[in-house]
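For clarity, every value in this text was computed on a predicted model and none was experimentally measured.
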Amino acid sequence: QPGDRFFKAMDEMSRIGYRINQIAIKANSYGFIDALMLKEEIKRLNEFQLKIEREFLNHDEDKKVWR
């Protein structure tokens with residue numbers, strides 16, 4: 001069964017997804033994309049991906065990022 005670290009990671013993924021969805025809604029409503037906001041979310045998404053890789057794919061205990 002997944003532990004707390006897994007659920008913290010899923011919470012973060014949900015927050016990123018929500019923010020990206022808000023950007024899409026805004027872009028659809030106004031006909032343009034907030035480039036700065038999108039750039040920040042892409043950075044968060046990339047950082048999240050690295051955390052997931054370190055946490056769950058690299059089995060080195062010293063690299064745990066969600067505690």
Side-chain angles (χ1 to χ4, degrees):
Q1 182 161 0
D4 288 342
R5 293 180 295 120
F6 175 80
F7 291 111
K8 287 180 183 180
M10 293 303 99
D11 286 344
E12 178 66 17
M13 185 170 66
S14 179
R15 284 190 294 276
I16 291 169
Y18 175 79
R19 290 187 299 260
I20 290 172
N21 187 54
Q22 293 302 305
I23 292 169
I25 290 170
K26 192 175 185 181
N28 192 38
S29 294
Y30 297 117
F32 68 90
I33 293 177
D34 184 332
L36 180 60
M37 184 183 268
L38 181 58
K39 189 174 186 177
E40 290 172 3
E41 290 312 312
I42 290 170
K43 180 181 175 189
R44 281 191 184 117
L45 184 58
N46 289 336
E47 290 170 354
F48 176 75
Q49 179 181 356
L50 290 173
K51 283 182 184 180
I52 290 296
E53 288 173 4
R54 283 194 309 258
E55 182 74 19
F56 298 106
L57 300 179
N58 184 355
H59 299 288
D60 183 353
E61 288 295 317
D62 293 333
K63 295 185 179 181
K64 300 296 184 204
V65 292
W66 281 286
R67 294 192 186 253

Taking Met10 as the starting point, is it possible to reach Leu45 by hopping between hydrophobic residues whose side chains are less than 4.5 Å apart? yes
Hydrophobic side-chain clustering at under 4.5 Å (ILVMFWY, transitive links): who's grouped with Tyr30? Put none if nobody. Phe32
Please identify each residue that fulfils salt bridge (charged side-chain N to carboxylate O under 4.0 Å, His left out) with Lys39, with sequence neighbours left out. none
Any chance you could measure Ile16, atom CD1, to Ile42, atom CD1, to the nearest 0.5 Å? 11.5 Å
Separation of Phe48 CZ from Glu53 CD (nearest 0.5 Å): 10.5 Å
Just to verify, what does Asp34 make a side-chain contact (heavy atoms from CB on, under 4.5 Å) with, not counting sequence neighbours? Lys26, Leu36, Met37
Taking distance alone, no hydrogens or angles, what donor-acceptor pairs closer than 3.5 Å link side-chain atoms of residues 18-25 to residues at least two apart or in another chain?
| from | atom 1 | to | atom 2 | distance (Å) |
| --- | --- | --- | --- | --- |
| Arg19 | NE | Glu41 | OE1 | 2.8 |
| Arg19 | NE | Glu41 | OE2 | 3.1 |

Using side-chain hydrogen bond (donor to acceptor under 3.5 Å, both in side chains) as the criterion, list what pairs up with Glu40, not counting sequence neighbours. none
Contacts of type side-chain hydrogen bond (donor to acceptor under 3.5 Å, both in side chains), residue Glu47, not counting sequence neighbours: none
Phe56 and Phe6 have their tightest heavy-atom pair at CZ-CA, 3.6 Å
Would you say that more than 12 heavy atoms from the other residues, nucleotides or ligands in this model lie under 6.0 Å from the CD1 of Ile33, or not? no
